[in-house]
Amino acid sequence: MIVRRSAAVLAATVVIGTTLAPAAVAEGASPSPAPAIPSGLYGTSDPTYDGVWRQSLALLAQHTVGVKPAAKAVDWLAGQQCANGAFAAYRADAAAKCDAKTMVDTNSTSAAVQALAALGGHGGETGKAVAWLKSVQNKDGGWGYTAGGASDANSTSVVIGALAAMGTKPADVSKGGKSPYDALVKLSIPCGGTDGGAFAYQPDKKGKLAANADATAAAVVGALGKGLAGEPLKPVADPLSCKAADSPQRAAQNGAAYLVKALAKDHHLTSVMPGAKNQPDYGNTADAVVALATAGHGDKAADAMRWLETHSAQWAAQSGPAAYAQLVLAADAATFDPRDFGGQDLVKQLNATGPAPASLPAEPTASASGAEAAKKKDDSGVSVWWIIGVGLVGGIGIGFLISARNKKQQP
């Protein structure tokens with residue numbers, strides 16, 4: 001999820017592949033100078049393909065844990081918007097007008113909407129952005145990475161999160177009689193096969209669906225009408241299984257069941273890139289945790305969180321603010337402490353990648369910290385809420401325990 005996953009990576013690859021002339025890579029050719037990093041932007045790597053995305057994730061994660069970002073960080077993000085409401089991945093000169101060559105996309109736009117809506121005070125910008133998103137909705141109800149591109153599970157899901165962040169019911173946003181939920185359900189693989197319940201990124205040229213764990217994690221959250229931060233529910237008593245996807249909620253539960261199976265062996269997802277050796281996929285594992293918590297199965301994500309606690313430090317340090325933000329959101333969703341995550345303070349590390357925050361949450365008093373500790377995960381990584389929920393389910397047959405928290409994702 002560093003650059004809104006497959007779609008943005010593919011877009012970047014296409015741009016790189018089509019704009020570099022042979023002379024540019026010839027021996028002795030001068031490399032393009034690295035762009036200057038704006039003082040309000042998080043991270044120090046080239047922001048060309050992920051500037052708005054990583055900024056949005058960083059601000060959203062900070063807001064989730066009570067950190068008030070620096071004004072210039074928020075202003076930088078808002079200033080990246082084009083006059084038509086859309087956002088590009090990065091605009092080096094935000095004062096210049098966007099034109100037909102400005103590569104705006106649905107993912108950057110939707111991520112910016114979610115961050116700015118959470119922070120408040122940017123109703124004009126977020127309203128224009130959502131209006132643009134609605135204007136480029138596909139006839140199947142979904143969205144592709146770019147306007148007019150074929151709908152995919154990841155892009156459709158992040159747009160749903162933007163709609164929800166603005167208080168718009170995704171089911172009410174339709175094109176050709178189809179809503180974004182219709183598009184997601186269509187990308188859900190029917191039960192019965194090995195990968196039943198998973199979501200595909202897109203159908204292949206023959207219309208066949210192939211399971212994609214990355215798309216599944218995104219679509220579970222999207223099908224429940226929530227956004228990038230998810231909205232963890234208290235335990236759902238209904239055992240995970242795959243049933244006919246007759247509703248977006250059912251499709252989401254099917255996707256959650258698939259993710260549990262995908263995480264079962266190694267407690268992490270795997271990155272499968274053509275021509276490369278399979279490697280652990282830290283970012284998508286964090287996304288899967290958020291998805292399971294949002295689907296009401298946070299207990300099934302505890303092993304994955306413990307794996308991330310042990311193995312993700314080097315990846316996060318190399319990847320920067322978006323990685324830290326993903327881990328913060330996953331820890332928060334799974335009721336792990338992001339300030340003591342495998343001995344590291346993820347919040348402090350995230351804050352250090354950008355301008356100093358305007359304010360930090362107050363440190364708890366000794367008595368308050370003791371009470372707070374009682375609410376956090378026990379030694380097994382399962383929260384006290386889960387213990388209470390199990391007792392309620394077993395004692396009086398309640399199917400689920402209603403959440404006291406409010407965040408985001410698709411219904």
Side-chain angles (χ1 to χ4, degrees), residues 1 4-8 10-11 86 105-111 113-114 129-166 168-191 195-228 230 242-256 258-259 287 291 294-295 408-411:
M1 176 171 100
R4 197 50 192 175
R5 323 190 219 227
S6 319
L10 176 59
D105 67 85
T106 62
N107 290 227
S108 298
T109 303
S110 297
V113 167
Q114 293 186 48
V130 167
W132 179 81
L133 288 168
K134 290 180 178 179
S135 75
V136 297
Q137 185 177 17
N138 292 332
K139 290 183 179 180
D140 63 2
W143 285 266
Y145 180 71
T146 56
S151 298
D152 66 76
N154 298 62
S155 298
T156 300
S157 297
V158 73
V159 174
I160 286 174
L163 296 173
M166 291 295 290
T168 299
K169 293 182 178 180
D172 293 340
V173 179
S174 64
K175 189 77 170 285
K178 300 292 185 180
S179 79
Y181 295 138
D182 292 315
L184 284 184
V185 171
K186 191 175 179 180
L187 291 171
S188 175
I189 298 175
C191 303
D195 296 326
F199 285 82
Y201 174 70
Q202 286 176 331
D204 63 18
K205 293 181 179 180
K206 295 182 179 180
K208 185 177 180 181
L209 301 177
N212 184 306
D214 173 21
T216 301
V220 166
V221 177
L224 292 169
K226 308 302 177 184
L228 294 168
C242 192
K243 301 178 183 178
D246 55 2
S247 69
Q249 293 90 345
R250 184 62 255 171
Q253 292 299 324
N254 291 349
Y258 171 82
L259 289 175
D287 291 349
T294 303
K408 15 159 140 166
Q409 213 186 38
Q410 298 174 326

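From a predicted model like this one, the values you see are computed outputs, not experimental measurements. Sequence positions, counted from 1, serve as the residue numbers for this chain.
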Exercise for review: Verify side chain to side chain contact (heavy atoms under 4.5 Å, CB included) between T294 and V220, making sure each step is shown before the conclusion.
Suggested key: CA-CA 8 Å; T294 303; V220 166; 5.7 Å; no
**Study point:** Heavy-atom pair of closest approach, residues A217 and L259
**Key:** CA-CD1, 4.0 Å
Check your understanding: Any idea which heavy atoms bring S157 and A219 closest together, and the distance?
Key -> OG-CA, 3.3 Å
Review point. Sub-3.5 Å donor-acceptor pair from the side chain of D204 to the main-chain atoms of G207, do we have one?
Key: yes
Check your understanding: Can you find a pair of side-chain heavy atoms, one from L187 and one from P203, that are under 4.5 Å apart?
Key -> yes
Review point. With side chains defined as the heavy atoms from C-beta onward, is the minimum distance between N254 and C191 less than 4.5 Å?
Key: yes
Review point. Which atoms form the tightest heavy-atom contact between L163 and K134, and what is the distance?
Key: CD2-CE, 4.3 Å
Practice item. Determine, step by step, whether N107 and S155 satisfy the side chain to side chain donor-acceptor pair (under 3.5 Å) criterion, reporting the C-alpha distance in whole Å, the side-chain angles of both residues, the deciding distance to 0.1 Å, and the verdict. Key: CA-CA 6 Å; N107 290 227; S155 298; 3.0 Å; yes
Practice item. Could you list the residues that satisfy side chain to side chain contact (heavy atoms under 4.5 Å, CB included) with A251, not counting sequence neighbours? Key: V185, S188, F199, A245
Practice item. List for me each residue that meets side chain to side chain contact (heavy atoms under 4.5 Å, CB included) alongside A200, sequence neighbours excluded, and say none if there are none. Key: L209
Review point. What's the shortest heavy-atom distance between V173 and T168, and which atoms?
Key: CG2-CG2, 3.6 Å
Revision key, fill the gap. In short, A210 meets I189 closest at the heavy-atom pair C-CD1, 3.8 Å
**Study point:** Results of side-chain hydrogen bond (donor to acceptor under 3.5 Å, both in side chains) for D140 - residues two or more places apart only
**Key:** S151
Exercise for review: Kindly say whether A198 contributes a backbone atom to a donor-acceptor pair with the side chain of D195 at under 3.5 angstrom?
Suggested key: no
Practice item. Decide if atom NZ of K175 counts as having more than 12 heavy atoms of other residues, nucleotides or ligands within a radius under 6.0 Å. Key: yes
Exercise for review: Keeping the roles fixed (side chain from Q114, backbone from G227), state whether a donor-acceptor pair exists under 3.5 Å.
Suggested key: no
Revision key, fill the gap. On a heavy-atom basis, the closest approach of L133 and S110 is CD1-OG, 3.5 Å
**Study point:** For W143, the option from T106, D152, D105 that meets side chain to side chain contact (heavy atoms under 4.5 Å, CB included)
**Key:** T106
